[in-house]
2 protein chains.
Amino acid sequence: MIQVAVVVFSKHGYTAASMDEIAEHVGVSKPMLYEYFKSKEGLLLACIREARAELRRVTEQAVAASSTGEEALRQGLLAFFSFIRDHRQSWSLIRHEANLVGKPAEELETTRQQQTDLIATLMGDFTDPETARIAEESGLLQAAAEFVVGGCERLAIWSEEREDLTPEIVAEYAVNLLWGGLAQIAGR
Amino acid sequence: MIQVAVVVFSKHGYTAASMDEIAEHVGVSKPMLYEYFKSKEGLLLACIREARAELRRVTEQAVAASSTGEEALRQGLLAFFSFIRDHRQSWSLIRHEANLVGKPAEELETTRQQQTDLIATLMGDFTDPETARIAEESGLLQAAAEFVVGGCERLAIWSEEREDLTPEIVAEYAVNLLWGGLAQIAGR
DNA sequence: GAGTCCACCTTACTCGAAGTAGGTTACTTC
DNA sequence: GAAGTAACCTACTTCGAGTAAGGTGGACTC
């Protein structure tokens, strides 16, 4: 049911997708959709929740299987970019979650926060304690995590239409950039 | 006229905003809006175009006034974060441009590309020629630019609800992260 | 085994907002 | 002053989100 909705939403976009169409594809009548998911927004929310949960699962798994900090970073990113490649529709929904405005989106913020928290603690783990404490207090750790997430999302969108780029290559780019910084690229 | 629309769109969100309301606030009738901007999407598009143009103006100006690469980076980011702080509504629209799905958004991609191109050439400028050539060929330069843009957007969203953070501080965070990389934070 | 309840599902509606048809005013041009 | 036209409005159509009210079948009571 949610799967069907994901397909329709990602095909036409949230606004253009009609509940009637979804209902028909599911093989059920419209009031049923409203029974299960309160509203059109509710349905979209459920879809996004599902997609995010799946994304979270694969990245956490990848991270957990790593030993060093740098490897965790690389594996996590690789899992992320691979997910994008293999689940375009889910990814499309996650990207467009901004269509939800106001209160209902707050629950999603929680999910997102979990994502950044994962990265933040990850970074905290492989940082020496004193530096980590300072970074944490200033909010720098959170900021860095947010930055990583945003950068990767954008990178994923960019790489979508470049078929010569495998998830491995993109993850490699991201790791290099992140780990070494621009100073390295600049050669200084 | 566009200004009014920006206010309404950013207040209720694209879907919830009604053309009637906008028309009334403007002091004109609905068909007029359709005369000038083809459709609701068209109106939103015009608003976003306007907002993006303004954003682009201030960042380019900041970059042009800088001499070294690192300073250009810092000043550009500062201009960006200041813009966000001072033009919440415009920023809100830019963030939600994803509401436009399909063809009309292509024109926006162009604008966005200009933004990343600016960053890419900027980075190319302060990189030694040989390194730059290699980076360019592999697409790394573009990738880095995309990453920067995405990271900053996310960072901007995050910093919006933290009033203790001035644009200066956030820009500083971003510069440090970008320039030095995570390795620096990790203390290794 | 007839009556009653209830979960599940449908058809057929309301209502609000996007988009449009066609008319009106007022101003320019010859 | 008639013809044309630009700018604008009122009043409509259309479409889709959300809902009301009713029907069907199975389980449960006595």
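Naming: A, B, ... by sequence-line order, numbering from 1 per chain.
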Atom-pair distance (NZ on B:Lys38; C1' on C:dA18), nearest Å: 13 Å
Looking at DNA chain D, which of residues 27-37 of chain A put a heavy atom within less than 4.0 Å of it? A:Lys30, A:Pro31, A:Tyr34
Measure from the side-chain heavy atoms of B:Met19 and tell me the nearest of C:dA18, D:dG18, C:dG19. C:dA18
Carboxylate-amine/guanidinium proximity below 4.0 Å for A:Glu54 and A:Arg57: yes
Round to a whole Å and report the spacing from CD of A:Glu21 to C1' of D:dC15. 14 Å
What is the separation between atom CD on A:Glu24 and atom C1' on C:dT10, rounded to the nearest whole Å? 15 Å
Could you verify whether a donor N or O on one side chain and an acceptor N or O on the other, from B:Gln115 and B:Arg56, lie under 3.5 Å apart? no
Should B:Glu160 and B:Arg154 count as an ion pair when the cut-off is N to O under 4.0 Å? no
Rounding to a whole Å, what distance do you find between B:Tyr14:OH and C:dA17:P? 14 Å
Could you give the CD-to-P distance, from B:Glu41 to C:dA17, as a whole number of Å? 18 Å
B:Ala16 near the nucleic acid: base, sugar-phosphate alone, or nothing, with a heavy-atom cut-off under 4.0 Å? nothing
Which part of the nucleic acid, if any, lies within reach of A:Ala17 when heavy atoms closer than 4.0 Å are counted: base, sugar-phosphate only, or nothing? sugar-phosphate
Of the listed nucleotides D:dG16, D:dG18, C:dA17, the one nearest the side chain of A:Asp20: D:dG16
Between atom CD1 of A:Ile119 and atom CD of A:Gln114, what is the distance when rounded to the nearest 0.5 Å? 12.5 Å
Between B:Lys30 and B:Glu24, is there a salt bridge with N-O shorter than 4.0 Å? no
B:Lys40 NZ to C:dG16 P: how many Å, rounded? 15 Å
Would you say the side-chain atoms of A:Lys40 pair up with the backbone N or O of A:Tyr14, donor to acceptor, closer than 3.5 Å? yes
